[in-house]
Amino acid sequence: AQSVAQPEDQVNVAEGNPLTVKCTYSVSGNPYLFWYVQYPNRGLQFLLKYITGDNLVKGSYGFEAEFNKSQTSFHLKKPSALVSDSALYFCAVSGSGTYKYIFGTGTRLKVLA
Amino acid sequence: DSGVTQTPKHLITATGQRVTLRCSPRSGDLSVYWYQQSLDQGLQFLIQYYNGEERAKGNILERFSAQQFPDLHSELNLSSLELGDSALYFCASSAPQGSVWETQYFGPGTRLLVL
């Protein structure tokens, strides 16, 4: 069965510091991994995805994520956080042979000025 | 703006009632997905339609049903509403192939409050 875990409910980071939002997954077959961001009172916006190929994926707004097959992880990173990055971040997984998307519980990122 | 529209934005109703939520996908997208977002259960996948046909089912209650019409808009029907159905309901659409690796584009959501 597919599952995805975001172990941290909230991550606090100072502006200008690097940030990491963690995600681990379990899926049979090849994983397709996604990160979405949700700002208050808005729908989810796509940030980046891993389908195949290079393990380091670059996305919108300076975010990137690294696919690690041995650790079944897909952590979201940014070298220098901005206050405007403060939002709710969701990791999602799907897999070959299924049409179902599973979203994590979300991690609230708070960037402090 | 994702190009996905949802109506209404807000809905307040009473227990036992029935409501219909509407979603129009991005132009050209054939797949529509419905999600429920509540405080205690996060974002739950409900159901996916592709070009009018049901393709995948998630944690959708029997009191809930959906359909996708020939013009590709979709409706989510919620009946015999309970207090616990209060949530934000999102619709998303994806590119024509409807494959599992395609990006989903989310609408702004419908906030349902059951009193």
Side-chain angles (χ1 to χ4, degrees), chain A residues 1-10 21 23 25 27-53 57-60 63 65 67 74 87-108, chain B residues 1-7 9-10 21 23-26 29-51 53-60 68 87-95 97-111:
Chain A
Q2 289 170 235
S3 67
V4 60
Q6 292 183 245
E8 300 153 320
D9 289 337
Q10 181 157 322
V21 183
C23 172
Y25 67 91
V27 66
S28 54
N30 294 322
Y32 307 122
L33 297 154
F34 305 79
W35 277 102
Y36 288 83
V37 60
Q38 185 180 26
Y39 297 100
N41 301 314
R42 301 282 296 275
L44 278 70
Q45 295 177 34
F46 170 74
L47 279 179
L48 51 80
K49 67 181 175 184
Y50 172 83
I51 305 301
T52 187
V57 179
K58 293 190 183 296
S60 308
F63 284 94
F67 170 63
F74 190 58
L88 188 56
Y89 290 81
F90 288 95
C91 180
V93 65
S94 184
S96 54
T98 176
Y99 288 106
K100 294 183 182 180
Y101 283 74
I102 304 296
F103 279 82
T105 50
T107 297
R108 190 164 299 280
Chain B
D1 184 3
S2 67
V4 178
T5 60
Q6 289 186 249
T7 56
K9 280 191 174 178
H10 302 278
L21 313 183
C23 168
S24 292
R26 295 187 318 157
D29 286 357
L30 299 180
S31 269
V32 169
Y33 310 78
W34 285 98
Y35 294 89
Q36 179 192 57
Q37 185 178 31
S38 57
L39 284 175
D40 58 344
Q41 291 201 0
L43 196 66
Q44 299 286 318
F45 167 68
L46 296 178
I47 198 163
Q48 179 199 358
Y49 277 83
Y50 176 77
N51 202 20
E53 300 289 327
E54 181 185 308
R55 177 170 269 189
K57 218 171 201 179
N59 300 322
I60 188 166
Q68 186 179 27
L88 200 49
Y89 291 84
F90 285 109
C91 164
S93 72
S94 67
Q97 288 71 36
S99 301
V100 292
W101 56 81
E102 288 170 354
T103 299
Q104 294 186 24
Y105 295 89
F106 282 76
T110 293
R111 188 172 294 278

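By convention in this document, chain letters (A, B, ...) are assigned in the order of the sequence lines, proteins followed by strands, and residues within each chain are numbered from 1.
With a threshold of 4.5 angstrom between heavy atoms, A:Gln45 does not approach chain B through any atom at all. For chain B, the nearby parts of A:Leu44 are the backbone and the side chain; heavy atoms of each come within less than 4.5 Å. Contacts of B:Tyr105 with chain A are absent, with no heavy-atom separation under 4.5 Å from either backbone or side chain. Looking at B:Gln37, the atoms closer than 4.5 Å to chain A (heavy atoms on both sides) all sit in the side chain, from C-beta outward. Residue contact with chain B, scored on non-hydrogen atoms closer than 4.5 Å, involves the side chain of A:Leu88 exclusively.
Within a 6.0 Å sphere centred on CD of A:Gln10, heavy atoms belonging to other residues, nucleotides or ligands number more than 12.
Atom CD of B:Glu102 is separated from atom NZ of A:Lys49 by 7.0 Å, given to the nearest 0.5 angstrom. The distance from atom CD1 of A:Ile51 to atom OG1 of B:Thr103, rounded to the nearest 0.5 Å, is 7.5 Å. The line from CD of A:Gln38 to CZ of B:Phe90 is 4.5 Å long, rounded to the nearest 0.5 Å. Note: B:Leu43 CG to A:Ile102 CD1 = 10.0 Å, rounded to the nearest 0.5 Å.
Counting heavy atoms from C-beta outward, B:Phe45 and A:Phe103 have side chains that stay 4.5 Å or more apart.
Taking the ring-ring contact (aromatic ring centres under 6.0 Å, His included) definition, one finds that A:Tyr50 meets it with A:Phe67, sequence neighbours left out. Under the ring-ring contact (aromatic ring centres under 6.0 Å, His included) criterion, A:Tyr89 pairs with A:Phe63, not counting sequence neighbours.
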Show the numbers, then the answer: is there a ring-ring contact (aromatic ring centres under 6.0 Å, His included) between A:Tyr101 and B:Tyr33? CA-CA 10 Å; A:Tyr101 283 74; B:Tyr33 310 78; 5.7 Å; yes
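For an aromatic pair to be called close, the ring centres must be under 6.0 Å apart, and A:Tyr36 with B:Phe106 satisfies this.
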